[in-house]
Each structure stands twice: as structure tokens, then as C-alpha cells.
J.: 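Take a look at this one; I'll ask things after.
Computed from a prediction, not measured in an experiment: that's the story for all the values here.
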Amino acid sequence: MTKDNDNQLLAWQGLTIPLKEDWRPLKIEGDHTKGSITIGNMDGPVFQLRWLRPAKNYDGVKWIKNRCKVAAGGQTSDNPPRPEAFDETEWIEDLAIRQESEKTVWWGYAKTANVLVEILLTNLCSQEINRWFKRHALPKLDVIPPTEDCVWSIYSCRFTIPPGYVLNRKRLAAGDLAFEFFGDTGKKVMIRQVFPALLALQRRSYQGWLRDRVFKERRRCRKERETTMDDGLQLTWRGQKKLPFPFGFLFPRQWVAVIAHDEDLDRLLIVESEWKNGRQAAPAEPILDSMRRTA
């Protein structure tokens, strides 16, 4: 995550919201269509954000009314925060869920992005934290339209993906974050950030990190060309990915992998992209540049 003014920005599955400096993701579930992420601090969970992308022509207003009915028999609170991206919003403040325990529930519907959002905020945190979330974070909740470049920002990693890519797999290990995205017409992008870079380079060279496969795959990389840039701080491999013998001639993929050492951030930045022969290349270099500027 990166700073948004004095705060950090969480960007996940096309949704963005500012966080306090010490807030971190505690649990992530689901995919692009349906899922949730729980954010917390040293004391425990602060809020949970849930999303749902239904079928086209879905009645989002009716969904919100049904959620209100299920949560509190249809009761609502006045003046719900309405971020710019949302066409319809509703909320219930300080809803009693059991003795000495309350929660605030917020719902929103962004028609242009076809996404429904539910946010749960309990009173387990201090009143100061809850007030800050309601006044500063919730009004700035935003949705990235599917036709625009999508920003992703989690922990210390941030990058920008072109439209049309969907997260397929992820690995969020301490010091080693990796994401795999699938696009249309056989495109694929893998993004990886390793920290600290100086320690990582003592374990493996640039070439060694490019050979290290984060996710299992059937095709094998075949390097055909190697290029170094920026005084040896960036290395690019170009080649093909092919199925094991004797099926290597079937459905080959063009492939490019870029690794760079960002000395200011002390991070290894790695981006790989592949695409079908004759198709437009997936943008490995622009994605890596987005990691340099904002990681």
C-alpha cells in the first residue's frame, strides 16, 4: 500500500479506500466476482469490506433494501456517506447485535462498474478510529471502472494493470509478494516483489530469480535473448513458453520477463508476461515502471 496524503491506500479487486498508517489486511477471501477483505491493526479487526459483481441488469437498489431488511428489519440511519462512484447508498449506525456490542453496516451500488459493496464496522475499536473511518475513509471509497487501468495496492506493493485482466492466483508471503493475472486471448501476467533486495540477491542472481517459478505451470520457459539496462540494475529475457516434449509445437506462447533492482526501495521488482503468437504483447515494462514510481 502507498500513502494517500497522510494515509495509506488499499486497492484490491477494483476497489480503493484510504487506511491509517498501522492498518493491514488480516484476511482475504474470494475473487473478482465475489469476496471480502478484513482490515485491522495491532488490536484486531477494524472493518470488513465485501463486494459482489452480479449479472448484468441486476437490481442493485433492491439488493440494498433486502440487506437492510435482513440486517435490521428495514430500518436505516440518516445521511449515509455517498462516495462519488456510487449511485445508491444506505447504512445503519450502531446496530445492536448482542449485549454491549454494536456495528455499523454500509451498503453501496456502483451501476457503471456493476459492483455491490457492503462494509461492516464494529464497536470493538475505539470511538476515535470509528469516527475517522466514517468521516475520512468511507466517503473516499472508490470503484475503478472495468474499462480503465486498474491500480492494485496491498502491503508495500503497488502496480497498475491494463483493463481486462483478472487475478487468478496470489502468494502473500512476508517479503515475497506474487500475483498472477489472466487476460483475454491467452494473455497472462505475473508480478512479484521481493524485499529486501540486497539479501535476496545474496541468495540468487537476477537470472536465478527469473528461473525461480512462483506458480506451477505446464509450459517451460525458453530464453532466446537477454538484455541489460540501467547500469546492470535491470535485466530482460525474451523467448517462448512451450509444452514439454513431444508437444512443444502445440500452442506456443511468446514470453518476456523483466527484473529490476530498485535501490531506493531496496526491492526486487519482477514482471513476466506471455501471449499467443500473433497477438498483441502483454505490457511487462509499463507494469514494472508503475511499481517503480509508487511501490
Side-chain angles (χ1 to χ4, degrees), residues 2 149-153 156-171 173 175-244 248-249 251-295:
T2 57
D149 291 349
C150 187
V151 176
W152 291 72
S153 178
S156 63
C157 184
R158 178 167 176 168
F159 52 88
T160 302
I161 287 285
Y165 283 89
V166 176
L167 181 65
N168 179 53
R169 290 184 287 186
K170 65 183 183 296
R171 188 181 74 180
D176 192 348
L177 307 176
F179 311 85
E180 181 185 72
F181 293 84
F182 282 172
D184 56 357
T185 63
K187 292 180 182 179
K188 184 166 72 171
V189 171
M190 192 282 296
I191 298 166
R192 188 177 185 184
Q193 177 180 281
V194 183
F195 174 84
L198 292 178
L199 180 60
L201 290 172
Q202 292 178 11
R203 296 170 51 200
R204 298 189 186 101
S205 64
Y206 281 6
Q207 292 83 352
W209 280 105
L210 289 182
R211 293 190 186 98
D212 181 49
R213 312 313 298 165
V214 182
F215 306 112
K216 291 184 179 181
E217 51 187 336
R218 296 176 62 191
R219 289 181 174 83
R220 298 175 181 175
C221 304
R222 178 184 174 185
K223 183 190 69 171
E224 298 175 351
R225 185 161 45 125
E226 180 177 303
T227 306
T228 58
M229 297 176 58
D230 299 337
D231 299 325
L233 296 179
Q234 179 171 320
L235 176 70
T236 302
W237 278 2
R238 297 182 184 275
Q240 289 187 328
K241 282 188 177 182
K242 293 186 175 182
L243 295 170
F249 67 95
F251 313 115
R253 296 284 194 271
Q254 298 299 312
W255 168 71
V256 60
V258 186
I259 181 171
H261 179 195
D262 192 311
E263 294 183 308
D264 294 334
L265 300 169
D266 193 23
R267 285 165 170 75
L268 278 185
L269 310 177
I270 306 171
V271 181
E272 296 186 21
S273 59
E274 65 177 83
W275 62 98
K276 291 182 179 180
N277 288 338
R279 301 288 184 177
Q280 184 180 2
E285 289 86 354
I287 294 175
L288 188 134
D289 289 341
S290 73
M291 298 175 74
R292 286 181 183 276
R293 291 192 299 267
T294 57

J.: Can you list everything that forms a side-chain contact (heavy atoms from CB on, under 4.5 Å) with R169? Sequence neighbours excluded, please.
T.: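 R169 satisfies side-chain contact (heavy atoms from CB on, under 4.5 Å) with E180, F215 only.
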J.: Got a sec, which residues hit side-chain contact (heavy atoms from CB on, under 4.5 Å) with L198, two or more places apart in sequence or on another chain?
T.: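 With sequence neighbours excluded, L198 shows a side-chain contact (heavy atoms from CB on, under 4.5 Å) to H261, D266, given in chain and number order.
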J.: Pair I191, Q193 - check side-chain contact (heavy atoms from CB on, under 4.5 Å), show working.
T.: CA-CA 7 Å; I191 298 166; Q193 177 180 281; over 6 Å; no
J.: Compare all side-chain heavy atoms of Y206 with those of L233 and state whether any distance is below 4.5 angstrom.
T.: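 In contact.
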J.: V258 versus S273: any side-chain heavy-atom pair under 4.5 Å?
T.: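 Result no, sub-4.5 Å side-chain heavy-atom pair not found.
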J.: If we check side chain to side chain contact (heavy atoms under 4.5 Å, CB included) with E274, which of these qualifies: E217, M190, K187?
T.: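 With E274 as partner, side chain to side chain contact (heavy atoms under 4.5 Å, CB included) holds for just one option, E217.
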J.: Applying side-chain contact (heavy atoms from CB on, under 4.5 Å), can you list everything that pairs with R204, at least two apart in sequence or on another chain?
T.: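 Testing R204 for side-chain contact (heavy atoms from CB on, under 4.5 Å), a comparison that skips the adjacent residues, returns W209, D212.
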J.: Quick one: OG1 on T228 to CD1 on I259, what's the gap to the nearest 0.5 Å?
T.: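 Here the rounded value is 13.0 Å.
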J.: Under the ring-ring contact (aromatic ring centres under 6.0 Å, His included) rule, collect the residues that match up with F179, sequence neighbours excluded.
T.: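 For F179, the residues satisfying ring-ring contact (aromatic ring centres under 6.0 Å, His included) (neighbours in sequence not counted) are F159.
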J.: Would you say the side chain of D149 lies within less than 4.5 Å of the side chain of P163, judging by non-hydrogen atoms?
T.: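 The answer is yes, as the side chains (C-beta and beyond) meet within the 4.5 Å cut-off.
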J.: How far apart are the closest heavy atoms of F195 and L265, and which atoms are they?
T.: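 Minimum heavy-atom contact is CE1-O, 3.8 Å.
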J.: Among residues at least two apart in sequence or on other chains, which ones pass side-chain contact (heavy atoms from CB on, under 4.5 Å) with Q254?
T.: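 Partners of Q254 under the side-chain contact (heavy atoms from CB on, under 4.5 Å) test: Q240, W275, N277.
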J.: Do K276 and R253 pass the side-chain contact (heavy atoms from CB on, under 4.5 Å) test, and can you show the C-alpha distance, the side-chain angles, and the key distance before you say yes or no?
T.: CA-CA 5 Å; K276 291 182 179 180; R253 296 284 194 271; 3.8 Å; yes
J.: When C157 is tested against each of R267, M291, R192 for side chain to side chain contact (heavy atoms under 4.5 Å, CB included), which residue passes?
T.: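 Of the listed residues R267, M291, R192, the side chain to side chain contact (heavy atoms under 4.5 Å, CB included) partner of C157 is M291.
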J.: So which atom in D176 and which in V194 form the shortest heavy-atom distance, rounded to 0.1 Å?
T.: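 Nearest pair, atom of D176 first, then V194: OD1-CG2, 3.9 Å.
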J.: Would you please indicate if the ring centroids of F181 and W152 are separated by under 6.0 Å?
T.: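 Yes.
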J.: Given the rule in the side-chain contact (heavy atoms from CB on, under 4.5 Å) test, do R292 and Q234 qualify, once you have shown the distances and angles that lead to the verdict?
T.: CA-CA 12 Å; R292 286 181 183 276; Q234 179 171 320; 2.9 Å; yes
J.: To check you understand the geometry: which heavy-atom pair defines the closest contact between A200 and L268, and what is its length?
T.: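 What the structure gives for the nearest pair is CB-CD1, 3.9 Å.
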J.: Once side-chain hydrogen bond (donor to acceptor under 3.5 Å, both in side chains) is applied, do any residues pair with W255, and if so which ones, sequence neighbours excluded?
T.: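 For W255, the residues satisfying side-chain hydrogen bond (donor to acceptor under 3.5 Å, both in side chains) (neighbours in sequence not counted) are E272.
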